[in-house]
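Here the structure comes first, spelled out in structure tokens, and everything after it is commentary.
Worth knowing before you read on, the calculation uses all heavy atoms, side chains too, and leaves out hydrogens, waters and symmetry mates. This is a predicted model, so every value here is computed, not measured. Both counts, for ligands and for their atoms, begin at 1 and track the order of listing.
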Amino acid sequence: MILVTGATGNIGGELVTALSESGTQVRALVRDPAKATLPAGVTAVTGDLNRPETFADALDGVHAVFLLPGYDNQADLLDRAKKAGVQRIVLLSSAAAGLRDLDNAVSRYMTLSEQAVRESELAWTFLRPRSFMSNALRWLPQLAVGDTVRVQFPDVRVGAIDPADIAAVAALALTGDDLDGRVLELTGPQALLPADQIAVLAAVLDRQLVAQGLTTEETEAELTATMPQHYVDAFLSFFADGTLDEATLYPTVRDLTGRAPRSFEQWAHTHAADFAQ
Ligand SMILES: NC(=O)c1ccc[n+]([C@@H]2O[C@H](COP(=O)([O-])OP(=O)(O)OC[C@H]3O[C@@H](n4cnc5c(N)ncnc54)[C@H](OP(=O)(O)O)[C@@H]3O)[C@@H](O)[C@H]2O)c1
């Protein structure tokens, strides 16, 4: 049995679908079963990542866990997992873990999560995806009211990855031991500017979309409206100061899955209905 945390999220949602379609027994951790929409055949179990004591039922009979990073008491959760018979952790980390910068709030929680998993002495695989293609959904409110899209960090190229590709690699890591001990740098096939993504969306949605680049000050103001200051500082450090390289592309998805990583155009076609709402 595989336990997937974040099962209602971008990556976990793709992962429970992929595992259940391949006939793998999968259990989805959710906080509120009444609100969770899961594929047929996937069992939901309730638990809160910040409260490891809520995981007793979730861990029963589980041999591998797909784990989100950055929650409280992770060492305690890993200890409980080990005692329950779990053998393998596949951790959703990010490129920011590679910086090992404990003064940067995002790099810090990724780094400390990887460290806790290493120290658990369970078998592990770390997934370090670049920005998710699904981040484009943050433009939905703007697309609902017009054709001009204000984009943050307009000069920063990112090798964004389709959550489905992260899930495909996670499924491989969870279902065999070939990827134990591997740190996997995961990217899509192209390093695109935000304006390039908007141009792809324009073509897929058949709209005359225009990207309007925000200054760093405007970006900071937008970020400040949606997240705590330490995360604002972290993202400004990554993308305004350039401490994080998300443009370099890696062949990992192709090497492991045997097929090319999905393009932003493919992602946009798959999710076109989300943009039509
Ligand atoms: N976006 C990016 O570009 C990017 C890049 C690299 C890494 N990451 C990392 O990816 C992670 C987010 O993954 P995602 O996009 O797949 O998730 P997501 O779509 O943001 O959804 C969050 C998921 O986490 C669950 N969750 C939240 N708090 C929880 C808690 N206390 N206990 C149990 N479950 C909880 C939510 O479940 P409920 O249904 O209960 O709300 C939901 O399934 C973050 O750690 C982020 O740092 C993101």
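- Annotation for ligand 1: atoms under 4.0 Å from non-hydrogen atoms of Ser94 are 6 (C), 7 (C).
- Of all protein heavy atoms, the one closest to atom 32 (N) of ligand 1 is Leu49 N, 2.7 Å.
- A donor-acceptor pair under 3.5 Å links the side-chain atoms of Thr5 to the main chain of Phe66, judged by distance alone.
- Using a 4.0 Å heavy-atom cutoff, Arg128 is absent from the residues neighbouring ligand 1.
- On a distance-only criterion, Arg130 and ligand 1 share no N/O pair closer than 3.5 Å.
- Under a hydrophobic-cluster definition in which Ile, Leu, Val, Met, Phe, Trp and Tyr are linked whenever side-chain heavy atoms come within less than 4.5 Å, directly or via other members, Leu137 and Ile166 are assigned to different clusters.
- Residue-ligand proximity: Thr5 is placed with every non-hydrogen atom at 4.0 Å or more from ligand 1.
- Taking only nitrogen or oxygen atoms, main chain and side chain alike, Gly47 does not reach within less than 3.5 Å of ligand 1.
- Residue pairs meeting the ring pair (Phe, Tyr, Trp, His ring centres under 6.0 Å) criterion with at least one member in residues 89-145, sequence neighbours excluded, are Trp124-Phe126.
- Within the 3.5 Å criterion, the main-chain N or O of Gly13 finds a donor-acceptor partner in the side chain of Thr17.
- The closest donor-acceptor contact from the side chain of Ser107 to the backbone of Asn104 lies at 3.5 Å or more, if one exists at all.
- Proximity of a side-chain donor or acceptor of Thr252 to a complementary backbone N or O of Leu184 within less than 3.5 Å is not detected.
- Within the 4.0 Å heavy-atom criterion, the part of Met110 lying near ligand 1 is the side chain and not the backbone.
- Although no hydrogens or angles enter the test, the distance criterion places no donor-acceptor pair under 3.5 Å between the side chain of Glu114 and the main chain of Ser93.
- Taking any N or O of Asp32, backbone or side chain, none lies under 3.5 Å from an N or O belonging to ligand 1.
- With ligand atoms numbered from 1 in the order given, ligand 1 contributes 3 (O) to contacts under 4.0 Å with heavy atoms of Ser131.
- Distance from atom 27 (C) of ligand 1 to its nearest protein heavy atom, with residue and atom name: Tyr71 OH, 3.2 Å.
- By the 30° and 60° cut-offs, the orientation of the rings of Phe239 relative to Phe235 is parallel.
- Here Glu222 pairs with Arg150 in a salt bridge; the nearest charged N to carboxylate O distance falls below 4.0 Å.
- Within a 4.0 Å radius of atom 22 (C) of ligand 1, the protein has no heavy atom.
- Not close to ligand 1: Gly13, with no non-hydrogen atom less than 4.0 angstrom away.
- Regarding atom 8 (N) of ligand 1, its nearest protein heavy-atom neighbour is Phe132 CZ, 3.4 Å.
- No donor-acceptor distance shorter than 3.5 angstrom exists from the side chain of Ser237 to the backbone of Asp233, with no hydrogens or angles considered.
- Taking atom 40 (O) of ligand 1 as the reference point, the nearest protein heavy-atom neighbour is Arg31 NE, 2.8 Å.
- Put simply, the side chain of Lys82 never gets that close to the backbone of Leu122: no donor and acceptor are under 3.5 Å apart.
- For Arg130 (side chain) and Arg128 (main-chain N/O), a donor-acceptor pair under 3.5 Å exists by modelled atom type.
- The nearest heavy-atom contact from the protein to atom 1 (N) of ligand 1 is Asn135 OD1, 3.0 Å.
- Listed by number with element, the atoms of ligand 1 under 4.0 angstrom from any heavy atom of Asn50 are 31 (N).
- Considering only non-hydrogen protein atoms, atom 31 (N) of ligand 1 sits nearest to Asp48 OD1, 2.8 Å.
- With hydrogens and angles ignored, the 3.5 Å screen pairs a side-chain donor or acceptor of Thr219 with a backbone N or O of Thr215.
- Panel note: side chain Thr8, backbone Ala36; no donor-acceptor pair is recorded below 3.5 Å.
- By heavy-atom distance, the residue among Leu92, Asn10, Ile11 lying nearest atom 12 (C) of ligand 1 is Leu92.
- Less than 4.0 angstrom separates some heavy atom of Pro69 from each of these atoms of ligand 1: 45 (O).
- Within the structure, the closest approach of Gly70 to ligand 1 does not fall below 4.0 Å when heavy atoms are considered.
- At the shortest separation from atom 46 (C) of ligand 1 among protein heavy atoms lies Tyr109 OH, 3.7 Å.
- Atom 37 (O) of ligand 1 has its closest protein heavy atom at Thr8 OG1, 3.3 Å.
- Closest heavy-atom approach to atom 7 (C) of ligand 1 among the candidates Ser134, Ser93, Ala36: Ser93.
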